[in-house]
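Encoded as structure tokens, the structure appears first; notes follow it.
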Amino acid sequence: MTTLGVLVGNRGFFPSELCEQGRKTILSVLKEEGFDAVALTPKDTKYGSVETWSDSRKIADLFKANRDRIDGILVTLPNFGEERGIADALRLAGLEVPVLVHAFPDEPGRMTIEHRRDSFCGKMSACNNLRQYGIPYSLTSQHTMDPESAAFRQDLRDFGAVCRVVRAMRGARFAQIGARPAAFVTVRYSEKLLEESGISVESLDLSEMFGRAWNLKDKDSAVLSKLDEIKDYVKTTRIPKESLARMAKFAVVLDQYIAERELDGTAIQCWTSMEEYFGVVPCTVMSMMSNKLAPSACEVDVPGVVGMYALALASETPSALLDWNNNYGSDPNKAVCFHCSNLPKHFFESARMDYQEIIAGTVGKLNTFGTVVGKVRASPMTYFRVSTTDSKGKISGYVGEGRFTDDPLETFGGAGVVEIPNLQKLLRYICENGFEHHVAANMSKVGSAVYEAGTRYLGWDIHRHE
């Protein structure tokens, strides 16, 4: 559950009693939308609001006492609000979490001195002070909003997504398992730039994974349990027993490593060492992890798994890593997104296990069982690419929204047709700026939240494709 600290702004020149009902309404809406809240009570301050320096100290102490719980802060203005009291409180609390500034609307028939809010104006003053204090903040979709409206409730859900992304990314831990394929210089990245954003990378040689896996017996309870899990996850008709056993052993070792290191996701050297010296592709194992919101990226694309994780945090649904792979006929706004594939089952109309047709030509069919193949189902989608731009010393990327269509597609692997407005403009941007051919995708519409989290709070240079 996402927890918000709630700060109710007040200014005594305006009707303070508006804060009483405003606070109750906000807390009620938060509860209805599945948020937990940390807020002052009327026993702490006047109507549980913040106006004076003493009030600021009280709410700052409350927020600090709940530092480990609070994912973001909602500043709400039932009246004009004491702008300095708001800024002082946030500075004193020092939580460095996302902040959403909300103002109640006035009603045309209630504009007398007894009823007028002036929150419209007060919000500007509050934002001015937050900017002076160097405190980043987010805004609602409209300047003033009825907190019980559908639009504000959507703003809350979007802000919750921002909070989840920011909190988890600051301290995220990923594994690089194996070296990148020699030909794929496109997936080079900077561990140091990721570390500056609070993202750590643990590395493990693929030979260690093989060694630990080969030491497991076919009848080990953990191996048998994982084998059952694989068979329950995807159709394994006509897949050799030996191949399934190897997948199960690799999965057991990978699970152990993830648990030991408390990892949030993995990027794995999926070819061709895996096939030549272990005898399977890891795609099904990776698909299963991604389907559980622990994303796994192929071809050792660590920034790719960062993007997958951000989307999964925002939407709370699985993410995939795809290739921008083919045009779709002559439609300039459609393309084929593909991988061979480790896509989570969540993405497919139906899925089955098969062999990897591309690598089979090099290492033989018997060494390439384990892909999860099928057609991607029709759905809204958000795409996101993260890249470490060493020449600029920053993390950069792009994000946007489109949809997976139900257009017919005859191919192998995991593939779907995407439709994106002004796609040619996006493709030109990707090529002109040298971005990778991989892109993280999620079956949701969370582009705004990911952009807000990345640019405003994580300090990344993200382009938003409109």
- Message: So if I apply the side-chain contact (heavy atoms from CB on, under 4.5 Å) rule between T371 and each of D354, T284, I359, which one comes out positive?
- Response: D354
- Query: Can you name the one residue among V165, V166, I462, V162 that meets side-chain contact (heavy atoms from CB on, under 4.5 Å) with E452?
  - Reply: V162
- Message: Holding to side chain to side chain contact (heavy atoms under 4.5 Å, CB included), I want the full list of residues that pass it with R428, two or more places apart in sequence or in another chain.
- Response: E432
- Message: Does any part of the side chain of E401, heavy atoms only, come nearer than 4.5 Å to the side chain of P380, both counted from C-beta?
- Response: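 Of all side-chain heavy-atom pairs linking E401 with P380, none is under 4.5 Å.
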Tell me whether [X] is salt-bridged to [Y], with the criterion being a basic N under 4.0 Å from an acidic carboxylate O.
| X | Y | result |
| --- | --- | --- |
| R180 | E299 | no |
| E466 | R464 | yes |
| E242 | R246 | no |

- Item | Verdict with reasoning, R157 to E32, per salt bridge (Lys or Arg N to Asp or Glu O under 4.0 Å) | CA-CA 11 Å; R157 292 191 287 270; E32 290 168 7; over 6 Å; no
Any chance the rings of [X] and [Y] have centres within less than 6.0 Å?
| X | Y | result |
| --- | --- | --- |
| F184 | W271 | yes |
| Y398 | H465 | no |
| H346 | F348 | no |
| Y383 | W324 | yes |

- With sequence neighbours excluded, what pairs up with D264 under the salt bridge (charged side-chain N to carboxylate O under 4.0 Å, His left out) test? none
